[in-house]
Amino acid sequence: MLESLDDIITMTDNDNQVQMHHPENDAQYTGLQVNAGVEQPPIVSPYIKNRKRRQQLSVSDYVEGIRKGNKAVLGQAVTLVESLKPEHQVIAQEVIEKCLPYTGHSRRIGITGVPGAGKSTSIDVFGMHVLRQGGKLAVLAIDPSSERSKGSILGDKTRMEKLAVQPDAFIRPSPSAGSLGGVARKTRETIVLCEAAGYDNIFVETVGVGQSEIAVHSMVDFFLLIQIAGAGDELQGIKRGIMEMADGIAINKADGDNIERANLAAAQFRNALHLFPLPPSGWLPEVTTYSGYYELGIDGVWDMIDRYFDHVQKNGYFDERRRQQEQYWMYETINEQLQTRFYSNPEVQRLLEVKKQMVLNNQQSSFVAAADVLDYYYKQL
Ligand code: GDP
C-alpha cells in the first residue's frame, strides 16, 4: 500500500526509468501500469520575451527606408498599401504622398499572355537582361482571379528563379483582396513606392484573359503581348482589344521544331496589326519571335522596346500617356471610394435590403428603388 500519493517509487522497467507516481502502479494491482508522462513544453515559448516584436515604423521611417532602397522596409510598405485596415491605409497614403516627388523616372512595362505562354520564364530572362544593363527591377503582378482560384499567376518567387536571388530585383505577387479596380490601384501605388526606392524598371505582369489588361495598360509605358505559335489559326481566341492595346507582340517558344511555326505566326500578326488604325503613339506595334527557355532572340525583344521608348520620348507621347494615366487613376480612385463608402454605409445596407425585396416582389421598379436609395444616401451626407 502506498502511504501517500506523494510517494514516488522509481523502478527499472525494460531499461526505461518509470516513475511510480500512481496508486495503480502498486504491486497489488496487476495487469495495469501507468507510465510517467512525457514532459510537455510550455504552450507559451519561454523565449518570446527575448524576441523583439516587429516595430511599428513611422511614416518617416518608411519613407527613409524606401529612399535608401531597403527591400525589407519596401516590402512592409507594400503590405500596408495592400492592407484593408483603415489605420494602415492612412499611413500608406501618407507614405505614398511623401514618395511621389521621387517617382516617374522608370520604364514601366506591362507583360501579358495566356497561362502557359511563358511569362514567368520570359520575365526571368528579360529581367536578367535588364539587370545586366545596370538597372534595378521590380516585378509586380495584377491577377484579380487570385483570391478565388488561388491565382493564375502563382504568387511564389520560385517562378523566377534567377531573378529571385538578385539583390537588385524586387518581386511581389499580385495583391489578392478586392475588386479588379482595387487590386490594380494597389499595384499602381506599389509602383510609386518601388520608383521611390530606386527601381528604374518596373514589370507589371497579368494574365491575358480578361479585363486586367486594361488596368495594366493604364499604368505602363509599353505593353508587351506574349504569344505562342499554335497549330491552325494563330489569331483565334485573342481578343481584338488586347491586340489593339499591345505596343509589341513577342512570339515565344521559337525554338527547335517550332521556329517555322513561330515565324508564320509572326507574319500573321504583322498582317493583322496593319489592319488596325495607327495608335496615338504613332508607333506601329512590332512583332518579334524569341525563346525564353533557350534565351534566343532576347536582344531582339529588348531592341524593340528600346526603339519604342526612343520614339515616344521624341514625339512627346511618353509624357502625354502618363498624364492621361494620372487622370484615369484619379477617376478610378474616386469611383472606387464612392462605391466603398456607399455600400459600407449601414443605413444604406438596411434600406437596400428592403428595396431589393420590393423589386423582387414587383412592388417597385428598379429605377425608382435605386433613386430612393441614392436620395437617402445623399441626404445623409
Ligand atoms: P506562364 O504561365 O505564362 O507564366 O508560363 P511559364 O513561364 O510557366 O511557362 C509554361 C511552360 O512553357 C513551362 O513548361 C516552360 O518551361 C515552357 N516554356 C516557357 N518558355 C519556353 C520557350 O521559350 N520554349 C519552350 N520550348 N518552352 C518554354
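Basis for what follows: all heavy atoms, side chains included, without hydrogens, waters or symmetry-related copies. Ligands are counted one by one from 1 in listed order, and the atoms in each one are counted from 1 as well.
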Check against side chain to side chain donor-acceptor pair (under 3.5 Å), E320 and Q324: CA-CA 6 Å; E320 173 59 23; Q324 282 181 7; 2.8 Å; yes

Option with minimal heavy-atom separation from atom 28 (C) of ligand 1, where the choices are K119, E295, K253: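 Among K119, E295, K253, the closest heavy atom to atom 28 (C) of ligand 1 belongs to K253.
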
From G256, S122, G113, S120 - option closest to atom 4 (O) of ligand 1 by heavy atom: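 Minimum heavy-atom distance to atom 4 (O) of ligand 1 goes to S120.
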
Pair Q133-N201, side-chain donor/acceptor within less than 3.5 Å: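 Short answer, no.
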
Side chains of S281 and Y308, donor plus acceptor under 3.5 Å: no

Check: Y294 N/O within less than 3.5 Å of ligand 1 N/O: no

Check: N252 N/O within less than 3.5 Å of ligand 1 N/O: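 N252 vs ligand 1: N/O contact under 3.5 Å present.
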
Salt bridge (Lys or Arg N to Asp or Glu O under 4.0 Å) against K356, all qualifying residues, sequence neighbours excluded: E353

Salt bridge (Lys or Arg N to Asp or Glu O under 4.0 Å) partners of E326, counting only residues at least two apart: R188

Should you measure from each heavy atom of [X], which atoms of ligand 1 turn up under 4.0 Å away?
| X | result |
| --- | --- |
| G292 | 23 (O) |
| A117 | 3 (O) |
| P115 | 2 (O) |
| S291 | 22 (C), 23 (O), 24 (N) |

Side-chain donor or acceptor of W329 paired with backbone N/O of S218 under 3.5 Å: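 Present.
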
Proximity of T121 to ligand 1 by residue part, where a heavy atom lies under 4.0 Å: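 Both the backbone and the side chain of T121 come within reach of ligand 1.
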
Side chain, backbone, both or neither: V114 near ligand 1, heavy atoms under 4.0 Å: backbone

F342 and Y377 aromatic ring geometry - parallel, tilted or perpendicular at 30°/60° bounds: perpendicular

